[in-house]
Amino acid sequence: MPDDKKDEPTVSFRVFLPESLRTEFKVWCARENTNMSEKARTLIEQWVQTKIDADKKQHQ
């Protein structure tokens, strides 16, 4: 994602997960010395970028 996105205001949204999945996610985030919000943001950014890249390839 472009760096200019960092200047945008942030918003929150809720995600509903089974408790066991949330716990595992939290544990792995702690092991990687990050928090769930930052890791979720990174994963979402990566997923969105793959969609953008695929869309660009499709329209070339």
Side-chain angles (χ1 to χ4, degrees):
M1 301 298 288
D3 286 338
D4 60 343
K5 299 271 185 197
K6 292 179 181 179
D7 294 333
E8 287 185 38
T10 58
V11 297
S12 65
F13 74 101
R14 294 176 72 172
V15 176
F16 294 92
L17 301 170
E19 187 174 356
S20 60
L21 180 57
R22 181 204 177 268
T23 300
E24 286 295 322
F25 185 57
K26 187 172 185 172
V27 167
W28 282 104
C29 287
R31 287 181 180 184
E32 293 185 1
N33 199 30
T34 190
N35 61 58
M36 294 189 304
S37 181
E38 182 60 37
K39 190 61 170 182
R41 184 180 314 114
T42 299
L43 293 168
I44 292 167
E45 287 173 347
Q46 290 170 347
W47 182 79
V48 167
Q49 190 61 54
T50 64
K51 297 300 183 186
I52 291 169
D53 294 345
D55 191 56
K56 285 180 182 176
K57 283 183 181 180
Q58 184 179 12
H59 291 98
Q60 287 182 343

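Everything quoted here is computed from the prediction, not taken from an experiment. Hydrogens, waters and symmetry mates are skipped; everything else that's a heavy atom, side chains included, is used.
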Measure the spacing between CD of E38 and CG of L43 and express it to the nearest 0.5 Å.
-> 10.0 Å
Anything under 3.5 Å between a donor and an acceptor, one on a side chain of residues 19-31, the other on a protein residue two or more places apart or in another chain? List them.
from	atom 1	to	atom 2	distance (Å)
T23	OG1	E19	O	3.0

Taking only residues two or more places apart in sequence, or in another chain, which ones meet F16 in a side-chain contact (heavy atoms from CB on, under 4.5 Å)?
-> R14
Kindly work out whether a path of hydrophobic side-chain contacts (I/L/V/M/F/W/Y, heavy atoms less than 4.5 Å apart) joins V15 to I44.
-> yes
Hits for side-chain contact (heavy atoms from CB on, under 4.5 Å) against V11, two or more places apart or cross-chain, chain-then-number order -> none
Do any side-chain atoms of residues 52-60 form donor-acceptor pairs under 3.5 angstrom with protein atoms, and if so which ones, sequence neighbours left out?
from	atom 1	to	atom 2	distance (Å)
D53	OD1	Q49	NE2	2.9
D55	OD1	H59	ND1	3.2
H59	ND1	D55	O	2.8

